[in-house]
> 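The structure is given below, and queries will be raised subsequently.
Values reported hereafter were calculated over all heavy atoms of this structure, with side chains retained and with hydrogens, waters and symmetry mates removed.
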Amino acid sequence: MVTLGTGDFTYEVSGKDWGNLPEDWTYKEATAVATDADDNVYVFNRGTHPMVVFDSDGNVLRTWGDGIFANPHGVTIGPDGSIYCVDNGDHTVRQFTPSGALLMTLGEAHKSSPAMSGIPFNKPAHLAVDPRDGSLYVADGYSNARVHKFSPDGRYLFSWGESGTDEGQFNIVHNITTDKEGWVYVADRENHRIQVFDPNGVYETQWVNLSRAACICIDTRDQPLVYVGEYFGGIGTNAMGTCLGPRVTIMDIKGNVLARLSDESYGDDPGRFYSPHGIAVDSKGNIYVAEVSWSDYGSRMDPPTELRSLQKLVRKS
């Protein structure tokens with residue numbers, strides 16, 4: 001175990017995959033993670049079973065989703081306990097019960113809108129739920145540059161955003177979340193920032209000085225805290241550089257940095273990350289980080305190697 005952070009934001013991490021998977025199971029890579037009201041952990045992955053549900057000690061409770069998904073990408077748990085799974089391989093967003101019964105589908109499987117058309121969906125990435133009224137926001141980020149808003153029952157309402165670097169423009173709308181006041185926070189990954197909008201899509205502010213901001217979650221209990229997972233922001237020639245990510249940054253709700261977890265480059269050593277792609281926090285303040293380490297690193301090794309892809313950062317009291 002090693003320790004990351006300082007002061008009130010100190011965590012222990014083993015550097016190993018979290019979760020007690022049976023020997024013949026694999027994550028291949030965990031792409032997204034979410035925690036429910038009971039601190040159960042939902043791991044959306046590209047391995048043996050697309051959805052693995054654990055208790056807080058890492059014991060498997062159940063699995064589901066076999067044969068359903070083309071390319072698991074994002075998972076969100078709504079205020080009512082519904083599980084929203086975003087599949088950027090077949091261009092859909094699906095709502096499930098916690099046990100995996102399908103409730104609703106947004107989009108038509110294996111039918112994408114034209115690239116950069118602004119029409120839902122073309123390789124969507126993630127979904128957020130407004131806790132006040134159940135409105136749904138979809139980050140349609142890989143081949144669109146839009147956020148789409150839907151009613152709780154899946155009725156399309158409107159969209160905003162376009163390709164670019166100005167305020168309200170996006171360069172990979174990769175992750176999205178909301179707070180209890182209804183503000184919408186967008187991880188604008190390749191613009192290295194978080195953008196904040198009101199529920200009507202009106203730009204409010206942006207938080208910069210981030211590496212490639214890939215994922216975001218907000219813990220609204222007590223003092224609201226924002227957790228951002230960031231990819232490595234350098235290139236091959238400065239792969240040994242420090243303070244360029246990959247890392248986790250903790251902020252307050254105004255975007256002030258409270259802690260940066262890891263200042264080292266990518267790697268397998270405890271205390272380092274590969275590519276934080278999904279992030280979640282439980283009621284005790286423990287952080288779960290899902291990393292696309294196979295896509296970004298392991299698949300390119302000789303021979304190809306499955307790397308760690310799910311870490312738990314245990315908050316020290």
> In the single-linkage hydrophobic clustering (I, L, V, M, F, W, Y; side-chain heavy atoms under 4.5 Å), do L310 and V52 co-cluster?
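Yes, same cluster.
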> Answer yes when D252 and K254 have at least one side-chain N-carboxylate O distance shorter than 4.0 Å, and no when they do not.
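Judged by the 4.0 Å cut-off on N to carboxylate O distance, D252 and K254 do not form a salt bridge.
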> Identify the heavy atoms of A213 and A187 that sit nearest to each other, and give their distance.
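Closest heavy-atom pair between A213 and A187: O-CB, 3.4 Å.
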> Salt bridge check, R221 against D219: does any charged N sit closer than 4.0 Å to a carboxylate O?
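So D219 pairs with R221 through a salt bridge.
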> With heavy-atom distances below 4.5 Å as the criterion, would you say the side chains of H91 and N122 are in contact?
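Yes, their side chains come closer than 4.5 Å.
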> Verify, without hydrogens or angle tests, whether H148 (side chain) and V138 (backbone) share a donor-acceptor contact under 3.5 angstrom.
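Not confirmed, H148 side chain does not pair with V138 backbone.
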> For the backbone of Y274 and the side chain of E291, can you confirm whether one donor and one acceptor N or O come within less than 3.5 Å of each other?
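Yes, E291 side chain to Y274 backbone: donor-acceptor pair under 3.5 Å.
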> Specify whether W25 and H49 have parallel, tilted or perpendicular ring planes, treating 30° as the upper limit for parallel and 60° as the lower limit for perpendicular.
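Geometry flag for H49 against W25: perpendicular rings.
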> Hey, can you tell me if F150 and Y156 have their rings parallel, tilted or perpendicular (30° and 60° cut-offs)?
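Taking Y156 first and then F150, their aromatic rings stand perpendicular (interplane angle over 60°).
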> With side-chain contact (heavy atoms from CB on, under 4.5 Å) as the test, would you mind laying out the steps for C85 and F96 before giving the verdict?
CA-CA 8 Å; C85 296; F96 297 91; 4.0 Å; yes
> With a 4.5 Å cut-off on side-chain heavy atoms, are W64 and V53 touching?
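The answer is yes, as the side chains (C-beta and beyond) meet within the 4.5 Å cut-off.
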> Do the two ring centres, one from H174 and one from Y142, sit under 6.0 Å apart?
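When the ring centroids of H174 and Y142 are compared, they turn out to be within the sub-6.0 Å range.
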> Report the distance from atom CG of D166 to atom OH of Y203, rounding to the nearest 0.5 Å.
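The OH atom of Y203 is 10.0 Å from CG of D166, to the nearest 0.5 Å.
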> Between V129 and P79, which heavy-atom pair has the shortest distance, and what is it?
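Taking V129 first and P79 second, the nearest heavy atoms are CG1-CD, 3.6 Å.
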> Using the side-chain contact (heavy atoms from CB on, under 4.5 Å) rule, take H73 and H277 through it: C-alpha gap first, then chi angles, then the decisive distance, then the call.
CA-CA 9 Å; H73 196 276; H277 191 267; 3.1 Å; yes
> I'd like to know if the side chain of D57 and the backbone of N59 have a donor-acceptor N/O pair within less than 3.5 Å.
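Checking the backbone N and O of N59 against the side chain of D57, no donor-acceptor pair under 3.5 Å is found.
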> Give me the atom names and distance for the closest heavy-atom approach of P270 to S14.
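Taking every non-hydrogen atom into account, CG-O, 3.4 Å.
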> Apply side-chain hydrogen bond (donor to acceptor under 3.5 Å, both in side chains) to residues E167 and Q206 and explain how you reach the verdict.
CA-CA 8 Å; E167 297 173 355; Q206 63 181 342; 4.7 Å; no
> Out of N40, N20, V43, which one pairs with F54 under the side-chain contact (heavy atoms from CB on, under 4.5 Å) rule?
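Testing each of N40, N20, V43 against F54, the sole residue satisfying side-chain contact (heavy atoms from CB on, under 4.5 Å) is V43.
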> Got a donor-acceptor contact below 3.5 angstrom from the S211 side chain to the L244 backbone?
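Indeed, once roles are kept as given, a pair shorter than 3.5 Å links the two residues.
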> Step by step, would you call E204 with V202 a side-chain contact (heavy atoms from CB on, under 4.5 Å)?
CA-CA 6 Å; E204 172 69 14; V202 177; over 6 Å; no
> Backbone N or O of E29 within a donor-acceptor pair of the T31 side chain at under 3.5 Å?
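Checking the backbone N and O of E29 against the side chain of T31, no donor-acceptor pair under 3.5 Å is found.
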> Which word best sums up how the rings of F44 and F69 line up, parallel for under 30°, tilted for 30 to 60°, or perpendicular for over 60°?
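F44 vs F69 ring planes: perpendicular.
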> OH/Y27 to OG/S293 distance, rounded to the nearest 0.5 angstrom?
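So the OH of Y27 and the OG of S293 are separated by 11.5 Å.
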> Kindly indicate, with the supporting measurements, whether the criterion side-chain contact (heavy atoms from CB on, under 4.5 Å) is fulfilled by Y297 and F232.
CA-CA 12 Å; Y297 298 98; F232 177 60; 4.1 Å; yes
> Quick check: closest heavy atoms across A109 and R94, and the distance to 0.1 Å?
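Smallest interatomic distance, heavy atoms only, reads CB-NH2, 4.2 Å.
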> Within a strict 4.5 Å, meaning less than it, do heavy atoms of the S265 and M240 side chains meet?
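Result no, sub-4.5 Å side-chain heavy-atom pair not found.
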> With a 4.5 Å limit on heavy-atom distance, are the side chains of I250 and Y11 in contact?
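Yes, at least one pair of side-chain atoms sits under 4.5 Å.
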> Going by an N to O cut-off under 4.0 Å, is there a salt bridge joining R212 and E190?
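Between E190 and R212 there is a salt bridge, with a charged N closer than 4.0 Å to a carboxylate O.
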> I need the D90 CG to N71 CG distance, nearest 0.5 Å.
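Spacing of CG (D90) from CG (N71) equals 9.0 Å.
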> When rounded to the nearest 0.5 angstrom, what is the spacing between OH in Y42 and CD1 in I83?
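One gets 4.5 Å once the value is rounded to the nearest 0.5 Å.
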> Does G161 offer a backbone N or O that forms a donor-acceptor pair with the side chain of R146 under 3.5 Å?
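It does hold such a pair.
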> Backbone N or O of V13 within a donor-acceptor pair of the Q311 side chain at under 3.5 Å?
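Flag not set: sc Q311 to bb V13 has no pair under 3.5 Å.
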> Distance-only, no hydrogens or angles: does the D87 side chain make a donor-acceptor pair with backbone N or O of A70 under 3.5 Å?
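Here the side-chain-to-backbone pair exists.
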> Report yes if some heavy atom in the side chain of K149 is under 4.5 Å from a heavy atom in the side chain of P199; otherwise report no.
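They are in contact (side-chain heavy atoms under 4.5 Å apart), so the answer is yes.
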> For the atom pair CG (N200) and CH2 (W160), what is the distance rounded to the nearest 0.5 Å?
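The CH2 atom of W160 is 8.5 Å from CG of N200, to the nearest 0.5 Å.
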> So N144 and S113, do their side chains get closer than 4.5 Å, heavy atoms only?
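In short, these two side chains touch, coming nearer than 4.5 Å.
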> Specify the closest pair of heavy atoms between K28 and E306, including all atoms of both residues, with the distance to one decimal.
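So the two residues come closest at N-OE2, 3.2 Å.
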> What's in the same ILVMFWY side-chain cluster as Y185, cut-off under 4.5 Å, chained through other members?
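Y185 shares its hydrophobic cluster with W183, I194, V196, W207, L210, I216, I218, V226, V228, M251, I253, V257.
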> Quick check for you: to the nearest 0.5 Å, what is the distance between R193 atom CZ and N209 atom CG?
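Interatomic distance, R193 CZ to N209 CG, rounded to 0.5 Å: 12.5 Å.
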> Please tell me if the side chains of P50 and D66 come closer than 4.5 Å, counting only heavy atoms from C-beta onward.
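Of all side-chain heavy-atom pairs linking D66 with P50, at least one is under 4.5 Å.
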> Does T48 offer a backbone N or O that forms a donor-acceptor pair with the side chain of T26 under 3.5 Å?
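Checked: no pair found.
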> When clusters are formed by joining ILVMFWY residues with side-chain heavy atoms under 4.5 Å apart, either directly or through shared neighbours, do F121 and V173 land in the same one?
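No: no chain of side-chain contacts under 4.5 Å links F121 to V173.
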> Compare all side-chain heavy atoms of L225 with those of F9 and state whether any distance is below 4.5 angstrom.
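Result yes, sub-4.5 Å side-chain heavy-atom pair found.
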> Between the main-chain N or O of G271 and the side-chain N or O of S262, is there a donor-acceptor pair closer than 3.5 Å?
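Yes.
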> Taking a hydrophobic cluster as the set of Ile, Leu, Val, Met, Phe, Trp and Tyr residues connected by side-chain heavy atoms closer than 4.5 Å, whether directly or through intermediates, do V289 and L4 fall within one such cluster?
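Yes, same cluster.
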> Working note: D263 + R247, criterion salt bridge (charged side-chain N to carboxylate O under 4.0 Å, His left out); need CA distance, chi angles, decisive distance, verdict.
CA-CA 7 Å; D263 57 9; R247 65 189 177 193; over 6 Å; no
> Linking I/L/V/M/F/W/Y whenever their side-chain heavy atoms sit closer than 4.5 Å, directly or via other members, would M51 and Y84 fall into one cluster?
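Looking at the clustering, Y84 is in a separate group from M51.
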> For residues L136 and V93: do they belong to one hydrophobic cluster (side chain heavy atoms under 4.5 Å, members Ile, Leu, Val, Met, Phe, Trp, Tyr)?
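L136 clusters together with V93.
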> Kindly give the heavy-atom pair with the smallest separation between P276 and A214, and that separation in Å.
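Closest heavy-atom pair between P276 and A214: O-CB, 3.3 Å.
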> Are T35 and D282 close enough, and set up right, to give a side-chain hydrogen bond (donor to acceptor under 3.5 Å, both in side chains), and what steps lead you there?
CA-CA 6 Å; T35 57; D282 67 17; over 6 Å; no
